[in-house]
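Taking it in order: structure first as C-alpha cells, then the write-up.
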Amino acid sequence: MKLSVEQVGKRFGDRRILQDVNLTVRENEFVCILGHSGCGKSTLLNMVAGYLFPDEGQIRVDGVPIEGPSKARGMVFQDHALFPWCTVIENISFGPEVQGMPKKKAREAAQSFLSLVGLESYANHYPAELSGGMKQRVGIARALASSPDILLMDEPFGALDILTRDMMQRELRRIYEKLRPTILFVTHSISEAVYLADRVVVMKHGEIADIFEIGIAHPRTYESPGFGEAMARIERVLMKDEEEALA
Amino acid sequence: MSDLQPETLNNPPAAGLSAVTAASETPLAAASKSKNGKKTRPTRSARWNLIPYVLFFVVWEIFSQLNGSLKLFNPLFLPAPSLLLSDGWALAKTGIIVDSLVASSIRIAFGFAIGTFAAILLAVLMSKFQQLERWVSPILSLVSPIPALALLPLFIIWFGIGEFPKVLLIAWTTFVPVLVNTLEGFKSVPSTLIRSALSLGASQRQVFTRVMIPSAVPNLLIGAQISLGLSFSALIVAEMMGADSGLGYIIVDARNYFKISNMFVAIILIGIEYSLFHGLLKLLERRVLAWRRGGMREAVEKG
C-alpha cells in the first residue's frame, strides 16, 4: 500500500484551503499531520477518506485515484461517530457485516478487536453508557475490524481529558506495534505528534511547511533523548509567522 | 494490556457508570423488572400516582351528591360517578359498550397503521429522490395545515358513511405529523455517522437501512405520538357524523335522548381508550429506544 498526495489543492468558494500539497505515506508508516485549526489538515484527511475531492492534483492509493469512501480507508472521528442504537459489539461488527461476512463470524471477529482494546466486559453496552476514552477505543476497534489498508484518524483524542489522552496515546502505540497498520493521524498537539509518529508533517495556511522524521526509539517519553528538541524544532516552524506578525 | 488497567479502574466516568445505571433503573423498576418475571413491590411513586385519580372522582362524587340536595343547578347535568357506574353497567349489559369499544379500536388501529405506513413510505421516497421532495413539499405545506375535520363532510359525500371515510380521515390525520417528523429525522442524521458507515464498506442502501432509518426512529415516534392525539379527535368526530357504532356514536345518541350519564360514560371510555393506545406507544418507544439515555432524570440526581 502506498498513498500519494500529488499537488493537491482545494477551495471552498473563494477561500483557498489547500495548495500544492505533496505527500507520500508508505506501508506500515505512522504519519502525523500537525497544524493549527483551520490549516487544512482535516480537509486533507477528508479527501484521503474520499468524503471530499481535490480541485487540483490527485490522491492515489497504489496508483489508483480515490473515487469515494472505501472500506480500504478506515476512519476514526473526533466525535467517535459510533452508532448510538448499536451496542459496542454491534458497532464493531458493523463493518464486517455490511461487507457480507455471516453475522456469527462477524461477531467473533468483532470480539477479538474488542479484546484488543480491552473492553470485553462492555460488549453489550450502548455507546451512551461509556466514557469518552472507552468510546474512542470502540471507534478504533470498529475501524480496525474492517481491516483497512490505512487508518485515518481525525484528532481522535482531541475531546478527551489530558490523562485519558495520554493513556489513549499509549494504547494506540501498543495497537500499532501489534498490528502494524498504516496510520495517518491528524492532530494539533505537538507532543502527541512527536510521541506517536514516525514522521510529522507540519501544515500551515494550507501548505506543508516542513516534514520531520522522528527517529526516537519506542517506547518514547518526554524524557527520551531528542524528544524535547524535536518538539522545540516543530514549534519553531509552527510559530514563526505568528511571532513575526506580533513583532 | 497492562496499560488498560489504570483507566478502567480510575476513570471517573467508568466508575460512575454502574451508579448511573442503578439510578436510572428505579423509576422504571416496575415496568422493567416485571418484564423479567421478577415480582417487585409497587414503588412509592407508583402508589402515589393513583391518588390524584381517586381524589378526582371522590371530589366529583361529593360535589354531585351535594348538588343533588342543594340544587345549585340541574343535577342531571352532572351525574355522580356512582350513578355513572350503575348506568354504565346497564349500558354494558346491552352490549353496546363492548361493540363501540371494538368498533372504535378497529378504526383507530387501521387508520393509524395505514397513515403511519404511508407517511414512512413517502418520507423514505422523498429523502431518496430529491426531485420528488421538490415537487411534494410545496403541495404538502399547502394541504397539511387544513384541519382534517374540515375534510370529513367531503369524505362522506365522496365515500358514503361506511367505514372507509372514517379510516381514511384517521389515516390522513396520522399521516401529516408522522411524515413531517420522519423527514426531519432523515435530514438531521449526523453526517459523521453516514461517513463512518461508508468508510466501513456500507453500500448506499445499507447506509439507508442501517443508519438513516434507525437514526430517524426517535423523530418518527414523536410524530406518532402527536398523531395519536389528533387521530382520536378525528375518530370521535367521524363517529358523531353518520355512524351506528363507536364511542362518538354513543355521545350523539345520548344527546338525542338526553341521556347525560351515557354521554359521560362515553367520554370516560374515550379517555381510557386513549390512555391505552398511548401506553402501547410508550411501551413500543421504550423497547425501540432502549439505547437512549439522558434527559432531566439523569442530568440531576434526585435525593
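Lettering of chains follows the sequences in order, A, B, ..., and the numbering in each one begins at 1. Below, each value reflects all heavy atoms present in this structure, side chains not excepted, and no hydrogens, waters or symmetry copies.
In summary, A:Glu171 and A:Arg137 engage in a salt bridge, as defined by a charged side-chain N under 4.0 Å from a carboxylate O. A:Arg180 and A:Glu27 are not joined by a salt bridge, as no carboxylate oxygen comes within less than 4.0 angstrom of a charged side-chain nitrogen.
Sorted by first then second residue, the salt bridge (Lys or Arg N to Asp or Glu O under 4.0 Å) pairs that include residues 175-199 of chain B, not counting sequence neighbours, are B:Glu133-B:Lys187. Under the side chain to side chain donor-acceptor pair (under 3.5 Å) criterion, the residue pairs touching residues 71-80 of chain A are A:Asp79-B:Thr192, with sequence neighbours excluded.
Neither the backbone nor the side chain of A:Leu152 comes within less than 4.5 Å of any heavy atom of chain B. The contact between B:Pro214 and chain A is made by backbone and side chain atoms together, counting heavy-atom distances below 4.5 Å. Using a 4.5 Å cut-off between heavy atoms, B:Ser215 touches chain A through backbone and side chain atoms alike. Only the backbone of A:Ala143 comes within contact range of chain B, with at least one heavy atom under 4.5 Å from a heavy atom of that chain. Contacts of B:Val211 with chain A are made by both backbone and side-chain atoms, with heavy-atom separations under 4.5 Å.
Ranked by non-hydrogen atom pairs under 4.5 Å with chain A, the options B:Ser199, B:Ser203, B:Ala197 are led by B:Ser199.
Closest approach of B:Trp291 to A:Ala128, counting heavy atoms only: O-CB, 4.3 Å.
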